[in-house]
Amino acid sequence: MNTNELIRRLESEWDVDGFLWNVRQGYFSPDDGQKFLSFLKQIEIDDNAEIPKRLLSLLWYMPSFLEWQKERVGERSGNRAAYERFVTEVFNTLEIVLGVP
């Protein structure tokens, strides 16, 4: 997947009816979470690549956003433990994709 396709896909996940939009509404499905995680695990960024600002913003904001939704997801979806595991997996995946300092 090239950078532009990746940006479009991530933007669609943040848009209405996308996975992250649903999380913002408090709706989390473990199956949808695994599909989203599988998508994130496919992202490969070369160590020497310059990352476009838009792509970086879509990725780096995700762990904080997901963390902020824990209470809402727990109240509406009732599966807080599964959601917390998912958030940890996303964080770990993004560490691999983006690297750590």
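Just so you know, residue 1 is the first one in the sequence shown, and it goes up from there. These figures come from a predicted structure and were not determined experimentally.
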*asked:* On a heavy-atom basis, which atom in Gln25 and which in Arg72 lie closest, and how many Å separate them?
replied: C-CD, 3.8 Å
_Please determine whether a side-chain nitrogen of the Lys or Arg among Glu5 and Arg9 lies less than 4.0 Å from a carboxylate oxygen of the Asp or Glu._
no
*Is Met62 reachable from Trp21 through a run of I, L, V, M, F, W or Y residues, each pair having side-chain heavy atoms under 4.5 Å apart?*
no
*Within one Ile-Leu-Val-Met-Phe-Trp-Tyr cluster: Val87 and Leu98, side-chain cutoff 4.5 Å*: yes
_Quick check: is Val90 connected to Tyr61 through a chain of hydrophobic side chains (ILVMFWY, heavy atoms under 4.5 Å apart)?_
yes
_Heavy-atom pair with the smallest gap, counting every atom of Leu40 and Leu10_ = CD2-CD2, 4.3 Å
*Rounded to the nearest 0.5 Å, what separation is found between the CZ atom of Arg80 and the NZ atom of Lys70?*
6.5 Å
_Determine whether a donor-acceptor pair (N or O, by modelled atom type, separation under 3.5 Å) exists between the side chain of Tyr83 and the backbone of Glu71._
no
*Hey, is the main chain of Leu20 close enough, under 3.5 Å, to the side chain of Glu13 for a donor-acceptor pair?*
no
*Does Ile43 share a hydrophobic cluster with Ile51, counting links as ILVMFWY side-chain heavy atoms below 4.5 Å and allowing steps through other members?*
yes
*Answer whether the closest heavy-atom distance between the side chains of Leu94 and Trp60 falls below 4.5 Å.*
no
*asked:* How long is the straight-line distance from CD1 of Ile7 back to CG of Asn2, given to the nearest 0.5 Å?
replied: 9.0 Å
*Nearest non-hydrogen partners of Ala82 and Pro30, listed with the distance*: CB-CG, 4.2 Å
*Could you tell me how the ring of Phe28 sits relative to the ring of Phe86: parallel (under 30°), tilted (30 to 60°) or perpendicular (over 60°)?*
tilted
*Evaluate the side chain to side chain contact (heavy atoms under 4.5 Å, CB included) criterion for residues Val23 and Leu66: first the C-alpha distance (whole Å), next the side-chain angles of each, then the deciding distance (0.1 Å), finally the verdict.*
CA-CA 8 Å; Val23 168; Leu66 292 171; 4.1 Å; yes
*asked:* Working to the nearest 0.5 angstrom, can you tell me the gap between Leu59 CG and Thr93 OG1?
replied: 11.0 Å
*Between CG on residue Asn4 and CE on residue Met1, distance to nearest 0.5 Å*: 11.5 Å
_For a 4.5 angstrom cut-off between non-hydrogen side-chain atoms, does Ser57 reach Arg54?_
yes
*Can you establish whether the number of heavy atoms outside Trp68 located under 6.0 Å from its atom CH2 is more than 12?*
yes
*Separation of Asn22 CG from Asp32 CG (nearest 0.5 Å)*: 7.5 Å
*So how far is it from Arg8 CZ to Asp15 CG, rounded to the nearest 0.5 Å?*
13.0 Å
_Within 6.0 Å of CZ in Phe91, more than 12 heavy atoms from elsewhere_ = no
*Yes or no on side chain to side chain contact (heavy atoms under 4.5 Å, CB included) for Thr3 and Leu55, after CA distance, side-chain angles and deciding distance?*
CA-CA 8 Å; Thr3 303; Leu55 176 56; 4.2 Å; yes
*Could you tell me whether the side chain of Leu37 reaches within less than 4.5 Å of the side chain of Phe19, counting heavy atoms only?*
no
